[in-house]
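So the structure is just underneath, and the comments pick up after that.
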Amino acid sequence: MKAEQEGDIVEEDSPPDNGVQTSQYNSISPPASPVADEEPFSTYFEDKVPIPESENQIFSFRKLWAFTGPGFLMSIAYLDPGNIESDLQSGAKAGFKLLWVLLLATIIGLLLQRLAARLGVVTGMHLAEVCNRQYPTVPRIILWLMVELAIIGSDMQEVIGCAIALNLLSVGRIPLWAGVLITITDTFVFLFLDKYGLRKLEAFFGFLITVMAISFGYEYVLVKPDQGELLKGMFLPYCAGCGPVQLEQAVGIVGAVIMPHNIYLHSALVKSREIDRRNKKEVKEANKYYFIESTIALFISFLINVFVVAVFAQAFYAKTNIQVNEQCNATGSPHTDLFPLNNDTLEVDIYKGGVVLGCVFGPAALYIWAVGILAAGQSSTMTGTYSGQFVMEGFLNLRWSRFARVLLTRSIAIVPTLLVAIFQDVQHLTGMNDFLNVLQSMQLPFALIPILTFTSLTSIMNDFANGWVWKISGSVVILVVCAINMYFVVVYVTSLNSVLLYVLASLLSIAYLCFVVYLAWHCLIALGVSCLDFSSRGQLGLSRHTDIYLLNDMDTDSVVER
């Protein structure tokens, strides 16, 4: 029977059984037959979490608990050191005035994560695998390289955050390069926790999120922010007296919250539950519970981010360097040299933020801050490594051992971070955050456009394809997010004040925009703009295989042959 199905599938022009008109832009090539003599391939989902049965219940807490896990791992990206640094800078530069931007960015992030989860649930494949099956070879390789760059940039921020936290906790005794090496080692150890069960691994991530909530929540209670100003800043989309500095910070918040690799990660994590994809009711139920779980997870991450913004908004908004210098001198802090004797507005980063808290609220505040940063950095390095492995396996169809995959994906990001840590001090290392945010901002279209494209195709998603409301709103959201982040990139590049860099940036921008236009072209066709489907007469399109397998369980151990 299976052989007969496979024989039907390779006939590209045969009509689909469900009556949907397919073209080369709207179908996935199915898996071929397994190779009998190949060794079993080790994945992170060997033992899937079973879903308890329930009779005609609209909502079940037991089922919600069974689906709880992937959303919290995904939410780690909203709490990485890059986000924490963006939060504290937002509070120090704009007070409570940009909290509404953080709220809006988190809501947009939730909607995008919903698309990622639905793709994984409905198809049984994550985004990298779908891209691998849909796009031609050259665009697929370029897309993989762009996503890898985003992962490297995120990973560098996370490892830097861990190294800085260890430096603060050890009162400078652990240098940055040693902190990077420690982070590499313990990440390898923690990543193999999934050998003891997926639920135990998810519980460990839950523990790290709890540590962050307690640490930053302690700072929040200690500082006692003005609740009226906080609520006003969160729900009134207005920024009185704001200028270019605050505008740039608002753009930075969006760029820090919505991360490209997280879309790929979430679409893979949802494959960890036992779902019969031939049963429409089970798929619909899984989508519902995953959305509820993601909402809860991102709500918790939003609260933690609010804690950080509020602490620095209340205690350090509009403070000058000389004021902080005097406070550090009064408490005998050894870090007074970080704050020059002038009336310039205080500028903080992850490292200075901890120092300032220690100067004003005592050493306990500094150490608790460092513990929170360490938990944020450690958890996000682990999820970043998972992202790298899913992306590499999906795009390249790799069949390597677990250790080899972890070693390769970690090395790609760790080597440049270690070199920077050896040759730079703490202040230069934290100053890389802006550059890394720009790097990730540029990669956003390479996650957002494909996820909207594939979740809008009926032949891929069947009855779960995006409706017109989601197609239009998704297009608007992606357009706005990409425009905001491109503004961030332009602001950063123009601040470099180098003609050579301007010329180089111009050349790269042309190539970059050409590829974005290519992806957008396919996306528009998927959204229903059929007049753009003129490549049906050429060879530039996507795979033309029909989608017979998509309602079947595609999480088997069979090897995909292209």
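Taking 4.5 Å as the limit, some side-chain heavy atom of F299 sits within range of a side-chain heavy atom of L303. Residues L452 and L527 are in side-chain contact: their nearest non-hydrogen atoms beyond the backbone lie under 4.5 Å apart. Here the side chains of L265 and L73 are not in contact, with every heavy-atom distance at 4.5 Å or above. Counting heavy atoms from C-beta on, the side chains of M74 and L298 come closer than 4.5 Å. Looking at heavy atoms from C-beta onward, M212 lies in side-chain contact with S379 at the 4.5 angstrom threshold. Looking at heavy atoms from C-beta onward, E274 lies out of side-chain contact with V49 at the 4.5 angstrom threshold. Taking 4.5 Å as the limit, every side-chain heavy atom of V348 sits out of range of all side-chain heavy atoms of V355. The closest side-chain heavy-atom distance from L457 to Q134 is below 4.5 Å.
Residue pairs that meet the salt bridge (charged side-chain N to carboxylate O under 4.0 Å, His left out) test with at least one member in residues 251-266, sequence neighbours left out, do not exist here. For residues 101-111, there are no salt bridge (charged side-chain N to carboxylate O under 4.0 Å, His left out) pairs, not counting sequence neighbours. The salt bridge (charged side-chain N to carboxylate O under 4.0 Å, His left out) analysis of residues 60-81, with sequence neighbours excluded, yields the pairs K63-E285.
Considering all non-hydrogen atoms of both residues, S380 and P81 come closest at OG-CD, 3.5 Å. Closest approach of K471 to A526, counting heavy atoms only: NZ-O, 4.1 Å. Counting all heavy atoms, side chain and backbone alike, P450 lies closest to C131 at CB-SG, 4.0 Å. Closest approach of I51 to A66, counting heavy atoms only: CD1-CB, 3.9 Å. Between I484 and V251, the closest heavy-atom pair is O-CG1, 3.1 Å. Between A365 and L222, the closest heavy-atom pair is CB-CD2, 4.0 Å.
Not a single donor-acceptor pair under 3.5 Å links the side chain of S294 to the backbone N or O of F291. Between the side chain of E293 and the backbone N or O of G69 there is at least one donor-acceptor pair closer than 3.5 Å. N132 places a side-chain N or O within 3.5 Å of a backbone atom of G394 that can act as its donor or acceptor partner. Between the side chain of N262 and the backbone N or O of A77 there is no donor-acceptor pair closer than 3.5 Å. At distances below 3.5 Å, not a single donor-acceptor pair connects side-chain atoms of Q378 with backbone N or O atoms of A376. At distances below 3.5 Å, not a single donor-acceptor pair connects side-chain atoms of S86 with backbone N or O atoms of G82. A donor-acceptor pair is defined here as one N or O able to donate and one able to accept, closer than 3.5 Å; such a pair exists between the side chain of S272 and the backbone of L269. Checking side-chain atoms of E282 against main-chain N and O of D276 turns up a donor-acceptor pair under 3.5 Å. Side-chain atoms of Y290 come within 3.5 Å of backbone atoms of V270 as a donor-acceptor pair (strictly under, hydrogens ignored).
Take F302 and apply the ring pair (Phe, Tyr, Trp, His ring centres under 6.0 Å) test, not counting sequence neighbours, and it matches no residue. Under the ring pair (Phe, Tyr, Trp, His ring centres under 6.0 Å) criterion, F61 pairs with F59, sequence neighbours left out. When the salt bridge (Lys or Arg N to Asp or Glu O under 4.0 Å) test is applied to E129, the partners found at least two apart in sequence or on another chain are K271. The side chain to side chain donor-acceptor pair (under 3.5 Å) test applied to S267 returns no partner, not counting sequence neighbours. Scanning for ring pair (Phe, Tyr, Trp, His ring centres under 6.0 Å) contacts around Y78 gives an empty result, with sequence neighbours left out. By the salt bridge (Lys or Arg N to Asp or Glu O under 4.0 Å) test, K280 pairs with D463, sequence neighbours left out. Considering only residues two or more places apart in sequence or on other chains, F307 meets the ring pair (Phe, Tyr, Trp, His ring centres under 6.0 Å) condition with Y220. Take D226 and apply the salt bridge (Lys or Arg N to Asp or Glu O under 4.0 Å) test, not counting sequence neighbours, and it matches no residue.
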Please tabulate, one pair per line, all N/O donor-acceptor pairs under 3.5 Å involving side-chain atoms of residues 92-111, not counting sequence neighbours.
from: K97; atom 1: NZ; to: A240; atom 2: O; distance (Å): 2.8
from: K97; atom 1: NZ; to: Y317; atom 2: OH; distance (Å): 3.4
from: W100; atom 1: NE1; to: K97; atom 2: O; distance (Å): 3.0
from: T106; atom 1: OG1; to: L102; atom 2: O; distance (Å): 2.8

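Less than 6.0 angstrom separates the ring centroid of Y135 from the ring centroid of F454.
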- Query: So F446 and W144, side chain to side chain contact (heavy atoms under 4.5 Å, CB included) or not? Walk me through it.
  - Reply: CA-CA 9 Å; F446 307 127; W144 167 64; over 6 Å; no
- Task: Would you check, one step at a time, whether the test side chain to side chain contact (heavy atoms under 4.5 Å, CB included) holds for Y264 with S387?
- Result: CA-CA 7 Å; Y264 287 86; S387 300; 5.9 Å; no
- Could you go through the side chain to side chain contact (heavy atoms under 4.5 Å, CB included) check for Q314 and K224 one step at a time? CA-CA 8 Å; Q314 183 68 34; K224 300 176 182 177; over 6 Å; no
- side chain to side chain contact (heavy atoms under 4.5 Å, CB included) evaluation trace for L169 with L366: CA-CA 8 Å; L169 287 170; L366 185 153; over 6 Å; no
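Taking the six-membered ring where tryptophan is involved, the planes of F361 and F316 are perpendicular, since the angle between them exceeds 60° and thus also 30°. Taking the six-membered ring for Trp and thresholds of 30 and 60 degrees, Y289 and F67 have nearly parallel ring planes, at less than 30 degrees apart.
A donor-acceptor pair shorter than 3.5 Å cannot be found between the side chains of Q389 and T385.
The one candidate from Y351, F312, Y218 that meets the ring-ring contact (aromatic ring centres under 6.0 Å, His included) condition with W369 is F312. When each of V257, I304, N305, V306 is paired with D87, the side chain to side chain contact (heavy atoms under 4.5 Å, CB included) condition holds for N305 and for no other.
One finds the CD1 atom of I76 at 3.5 Å from the CD1 atom of I209 (value rounded to the nearest 0.5 Å). With rounding to the nearest 0.5 Å, the separation of OG1 in T455 from CD1 in I460 is 9.0 Å. Note that the CD1 atom of I214 and the CD1 atom of I368 stand 10.5 Å from one another [nearest 0.5 Å]. Here the straight-line distance linking atom CG of L374 with atom CG of L168 works out to 10.5 Å at 0.5 Å rounding. Taking CD from Q89 and CG from D349, the interatomic distance works out to 7.0 Å, rounded to the nearest 0.5 Å. Separation of atoms CZ (R114) and CG (N287) is listed at 7.5 Å; rounding is to 0.5 Å.
A cation-pi arrangement is absent between R118 and W470, since the terminal nitrogen or guanidinium carbon is not both under 6.0 Å from the aromatic centre and inside a 45° cone about the axis.
Using a 4.0 Å cut-off between charged nitrogen and carboxylate oxygen, R273 and E202 count as a salt-bridge pair.
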